[in-house]
Structures are given as C-alpha cells and as structure tokens.
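Count residues from 1 along the sequence.
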Amino acid sequence: MKVHIYTYGCQMNENDTEIAKQLLLNGGFEVVDSEDEADIVILNTCAVRKKSEDKVYSHIGKLRKKGKKIGIMGCIADKEKENLFRRGVLFVIGTRAIAKIPEAVSNAKDGTKQIYLDDTLDEIDYHKVETRNSKHHAWITIIYGCDRFCTYCIVPYTRGREKSRPMESVLLEVGSLVEKGYKEFTFLGQNVDAYGKDLNDGTSLAKLLIEAAKIDGVKRLWFLTSYPTDFSLEIPQAMVENPKIARSIHLPVQHGSDRILRAMNRRYTRGEYIELINNIRNIVPDASISSDIIVGFPGETDEDFEATVELVKAIKFERLNLAIYSPREGTVAWKYFKDDVPYKTKVRRMSYLLNLQKMINRELNEAYRDKRVEVIVEAQAKNGLFYGRDIRNKIISFEGSHELIGKTVIVKVNKITAGPLYGTVEEVLG
C-alpha cells in the first residue's frame, strides 16, 4: 500500500513526519512523494491559527473528491478527535500516538474508522529514523507539550503537558546521525528551555548542548523555541565556551504592554524581558535575538501597541515573526475575551511593525558589509542562488553548485539588503 504524508505547521510537525515515514517503511508500506499516486494520504496538521485549520479542511475535501483514503495526525487530531470522522477521515492519530501509524494504515485497508490518542512516544527508536528531509541537518524533538497555558494558545490542549526525552536517547540519536554524515542539529520543543525539568535528575537544555557538542562530527547546534521565564543564562554561557553552539536565540515576547502580557498569561513583565535580553547580551555581545509578536490581541489600545513599538525599537531584534491575533476555539481568550480590535486596525498595526523591522534589519545587516563569514550551505533558492546560515542565523546567498550543499564555506559579503545578505564564496572548508 502506498502512503503519502503532507505536512502543515512547525518544525516539530516536520520531525513527526520524518518519524512517521520511517515507521511506515518498517511496517512494510511504501511512502510516496505524490498524493496522486498514494492509496492513503495522511495530513500532519496544525491548529495554531484558524487559517491553518481551514487549509486542512479544504485539503480533506479535495482528497475526498479524488477518492483517497484519509488519515489525520498532528494538532487538529487532538483538537477535533472523533469529529473528523464526519469529514470523511478514516483514522485519527494524536500527537503522541505516532507509533500507531502502521496499525492505523493497515486497518484503513478495509475502511475501518479508528482513533489513537495514547502516548506511544516511548516506543519510538529515534536513533533509527533515517527518513530525513536533509542530508546534513536534522530536527530532533527533545521535549513534547507545554505547561504555560497562554490564553491565546491551543497547543497545551493539543500537545499535552511537558514530557522530556532522556538525555541518553537524544545523544544516541545525534551520534547515530553523525555517523551518517549529519553536521547540524536543531533541538525542538514547544518550550525547549523547559527540557529536563520534568525528569528531576538535573537534566537541562544547557547540559544537553554541552554534551552534544562533545560528539566528534557535530558542527553546529541550534534550539527552538524558548519561553522567557524558563530561559537559563547557562545557555549563553555555554555559547561562549563552545563555538559549536549557534549564537542565535528565539525568545518570543508576544507583546510590549504589561497589561496585555497579563491578559495573555505570559509570566513576565516588559521590564523582566528587557532585563533578560540585557543579561544575554552581557554574556554574548553578538547574540542574535529573534522574537514573536501578536498584533491585535483583545483589548489592545493604541497605547498598548505603542508599547510594543517602543520595545521593538529598544531591543532591535534580528528577526521578528508577526501574527494577527486569531481566536482559537477552546482557549481562555476565545471563551472570555471579545475579539474587539477591528481587522483593519490589526492590519495597519502589523504593517507598521513590518516596516519598522525592515529598517532595523537593514541597519543591523550593515555590520556584515565586506565581512568574511563561515556558512554551512543549505540549498538552492528559486532564484538559482545557493544560501546558508552563519553562526548567528544570518541567511547569506551566493553563486554555487549542488556539490556545496552541506559543506562549510567562507563567504565574503558584498551586498546588503533588509533581508538576505549576498556574497561570494572565497573558500570551501569541507
């Protein structure tokens, strides 16, 4: 039986898809790249925003017209559960029930409808997953779930409470991938800096980074995404002591107004966030700080928005992910807060922040002019140029060849924009 998996959403979903493909292959199924040639199509779904969920339902409709058998995994599986059967879905697999995918596909042969929501994560041999999307970089989920319960977020209800993998399991996975030629690794979690706290054995993200960096063959280590009050200053200290740990920290602030932060149930103040950023930069002066901001949260006034603007100006993020507030059914904000900021106001405010961030990006990028930087080549872009990232997560584009993908090169930057930098390869390090 031929199976195709289409992935929506975050890097954790990408990693879940990689694992699911390996499990299907182990179960004797054929994994194909096209849904048209598949007998069963599995949609790995995202429920963070209504728009993401609507895309999935539209996709289900198209697949039904094609006569395809359909399975759903990911966050919508946990959110909607049996309700998905009314849309023509044959099986539903929760975010922690990935190990049940071969069973689900097998039972779907005769049209049997089933739902799997049990936690089967401990049954997965992570170090034996070879179905990776890249040949040199690997996503590695180290902690599942989130305990923060921000009022706007559906994730704690779909991904469950925080559950860390043992450090030995993660290091075994890194080591096995290094043997296959992988150089870069990104440790993933909805709240990655909470890693190890539930294990009660002294495990932490900082310790994992330090231990992973000791493995011969590891070139660079990344991690996503941290929560401000869980972030440990042991991490930037580890960056200073080990050049393999990328000097890039994604630390979502979400808003610049203390009043809105309280309404969001973010467990810090504006002042505490700024103090944390200052402490990080005192340890790692060249640290690249990126963030997320939600525009138009219920009750957001012009004064609240201005507080966000001033925060962005003060911190000068290297990258800023902006999103218009989207009510998610089942969250506290959806239940108790009126979505009272006009859509046009939301769009205007987001556009203002986008333009502000472009100016900041251009200013920060000037520091790279005529600089020689070490880059790991990732892929070829649609414009024909190749690109990669430096240790600060700065994207640099250049003329190259497919033989360079996965290799480390020295690029001299000769063109600055508000987005990517452009340069010329001067040396191939291997």
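- Side-chain contact between Trp222 and Ser248 is present, with heavy atoms from C-beta onward closer than 4.5 Å.
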Can you give me every donor-acceptor pair (side chain of residues 307-324, partner residue at least two apart or in another chain, under 3.5 Å) with its distance?
unit_1: Thr308; atom_1: OG1; unit_2: His255; atom_2: ND1; d: 3.1
unit_1: Thr308; atom_1: OG1; unit_2: Gly256; atom_2: N; d: 2.9
unit_1: Lys316; atom_1: NZ; unit_2: Glu363; atom_2: OE2; d: 2.8
unit_1: Glu318; atom_1: OE1; unit_2: Lys394; atom_2: NZ; d: 2.7
unit_1: Glu318; atom_1: OE2; unit_2: Arg392; atom_2: NH1; d: 3.4
unit_1: Glu318; atom_1: OE2; unit_2: Arg392; atom_2: NH2; d: 2.5
unit_1: Arg319; atom_1: NH2; unit_2: Ser290; atom_2: OG; d: 3.4
unit_1: Asn321; atom_1: ND2; unit_2: Asp292; atom_2: OD1; d: 3.0

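- Nearest approach of Ala206 to Ile235, heavy atoms of both residues: CB-CG1, 4.0 Å.
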Please report the C-alpha distance between Val373 and Val413 in whole Å, then the side-chain angles of each, then the deciding distance to 0.1 Å, and finally whether the side chain to side chain contact (heavy atoms under 4.5 Å, CB included) criterion is met.
CA-CA 8 Å; Val373 292; Val413 178; 4.3 Å; yes
Show, in sequence, the C-alpha distance, side-chain angles and deciding distance for Glu366 and Arg369, and conclude whether the salt bridge (charged side-chain N to carboxylate O under 4.0 Å, His left out) test is met.
CA-CA 5 Å; Glu366 283 295 336; Arg369 187 178 295 277; 3.0 Å; yes
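- How far OG1 of Thr269 is from CG of Asp258: 5.0 Å, rounded to the nearest 0.5 Å.
- Residues passing the side-chain hydrogen bond (donor to acceptor under 3.5 Å, both in side chains) test with Ser204, sequence neighbours excluded: none.
- Although no hydrogens or angles enter the test, the distance criterion places no donor-acceptor pair under 3.5 Å between the side chain of Lys412 and the main chain of Glu426.
- Residue pairs meeting the salt bridge (Lys or Arg N to Asp or Glu O under 4.0 Å) criterion with at least one partner in residues 350-361, sequence neighbours excluded, do not occur; the list is empty.
- The main-chain N or O of Thr7 is never found under 3.5 Å from a side-chain atom of Asn13 such that the two would form a donor-acceptor pair.
- Formation of a donor-acceptor pair under 3.5 Å by the Thr95 side chain with backbone atoms of Thr158 is found in this model.
- Sorted by first and then second residue, the pairs that involve residues 96-107 and meet salt bridge (Lys or Arg N to Asp or Glu O under 4.0 Å), not counting sequence neighbours, are Arg96-Asp119, Lys100-Glu103.
- Residues that satisfy the side-chain hydrogen bond (donor to acceptor under 3.5 Å, both in side chains) test with Asn15, not counting sequence neighbours, are Glu18, Thr141.
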Going through the checks in order, is the side chain to side chain contact (heavy atoms under 4.5 Å, CB included) test met by Ile154 and Lys79?
CA-CA 8 Å; Ile154 196 67; Lys79 177 177 177 289; 4.3 Å; yes
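- At a threshold of 4.5 Å between non-hydrogen side-chain atoms, the residues Ile40 and Phe91 count as touching.
- Under the 4.5 Å side-chain criterion, counting only non-hydrogen atoms from C-beta, Leu121 is in contact with Tyr144.
- Here the shortest heavy-atom pairing between Glu374 and Arg220 reads O-NH2, 3.7 Å.
- Between the Thr229 side chain and the Tyr268 main chain, no donor and acceptor come within less than 3.5 Å of each other.
- For the atom pair CD1 (Ile143) and CG (Asp198), the distance works out to 5.5 Å, reported to the nearest 0.5 Å.
- Salt bridge present: Glu211 and Lys214 bring a charged side-chain N and a carboxylate O closer than 4.0 Å.
- Contacts of Tyr157 classified as ring pair (Phe, Tyr, Trp, His ring centres under 6.0 Å), with partners at least two apart in sequence or in another chain: Phe149.
- Around the NZ atom of Lys55, the shell of radius 6.0 Å holds no more than 12 heavy atoms that belong to other residues, nucleotides or ligands.
- Listed by first then second residue, pairs satisfying salt bridge (Lys or Arg N to Asp or Glu O under 4.0 Å) with a partner in residues 275-284 number zero, not counting sequence neighbours.
- In this structure, Ile249 and Ile280 approach most closely via the heavy-atom pair CD1-CG2, 3.7 Å.
- Screening residues 377-421 for ring-ring contact (aromatic ring centres under 6.0 Å, His included) gives Phe386-His402 as the qualifying pairs, with residues at least two apart or on separate chains.
- The minimum heavy-atom distance between Met239 and Val284, with the atom names listed, is CB-CG2, 4.2 Å.
- Partners of Tyr325 according to the ring pair (Phe, Tyr, Trp, His ring centres under 6.0 Å) rule, which considers only residues two or more places apart in sequence or in another chain, are Phe297.
- A salt bridge links Glu35 with Lys66: the closest approach of a Lys/Arg side-chain nitrogen to an acidic carboxylate oxygen falls below 4.0 angstrom.
- At a threshold of 4.5 Å between non-hydrogen side-chain atoms, the residues Val174 and Tyr126 do not count as touching.
- Applying the 6.0 Å contact sphere to NZ of Lys180 captures more than 12 heavy atoms from other residues, nucleotides or ligands.
- No donor-acceptor pair closer than 3.5 Å links the side chain of Ser58 to the backbone N or O of Asp54.
- At distances below 3.5 Å, at least one donor-acceptor pair connects side-chain atoms of Lys69 with backbone N or O atoms of Lys109.
- Nearest heavy atoms, Ser34 versus His4: N-ND1, 3.7 Å.
- Between Tyr182 and Phe185, the ring planes are tilted. Angles from 30° to 60° get that label.
- Applying the ring pair (Phe, Tyr, Trp, His ring centres under 6.0 Å) test to His250 and every residue at least two apart in sequence or in another chain returns nothing.
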Side chain to side chain contact (heavy atoms under 4.5 Å, CB included) between Arg389 and Glu378: does it pass, once the steps are laid out?
CA-CA 8 Å; Arg389 299 168 198 266; Glu378 290 187 25; 2.5 Å; yes
Quick one: do Arg349 and Glu300 satisfy salt bridge (charged side-chain N to carboxylate O under 4.0 Å, His left out)? Show the steps, please.
CA-CA 11 Å; Arg349 289 173 179 173; Glu300 182 187 70; 2.7 Å; yes
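- In terms of modelled atom types and a separation under 3.5 Å, the side chain of Arg328 and the main chain of Ala47 share a donor-acceptor contact.
- No side-chain heavy atom of Met350 sits less than 4.5 Å from a side-chain heavy atom of Ile293.
- Residues Tyr368 and Asp390 meet the side-chain proximity criterion, which asks for heavy atoms closer than 4.5 Å.
- Annotation: side chain of Tyr116 is in contact with side chain of Asn107 (closest heavy-atom distance under 4.5 Å).
- For the pair Thr151 (side chain) and Ala333 (backbone), a donor-acceptor distance under 3.5 Å is absent.
- Panel note: side chain Asn365, backbone Ile416; no donor-acceptor pair is recorded below 3.5 Å.
- Side-chain atoms of Thr203 and Asp201 include a donor-acceptor pair closer than 3.5 Å.
- Side chains of Asp78 and Arg159 form no contact here, defined as non-hydrogen atoms less than 4.5 Å apart.
- Counting only residues at least two apart or in different chains, ring-ring contact (aromatic ring centres under 6.0 Å, His included) contacts with residues 186-206 are absent.
- Residue pairs satisfying the salt bridge (Lys or Arg N to Asp or Glu O under 4.0 Å) criterion with at least one member in residues 235-252, sequence neighbours excluded, are listed as follows: Arg247-Asp286.
- A side-chain donor-acceptor contact under 3.5 Å links Lys68 to the backbone of Asp36.
- Between Asp147 and Arg161, at least one side-chain nitrogen of the basic residue sits less than 4.0 Å from a carboxylate oxygen of the acidic one, meeting the salt-bridge criterion.
- Shown here for Leu385 and Ser397, the closest heavy-atom pair between the two residues is CD1-CB, 4.2 Å.
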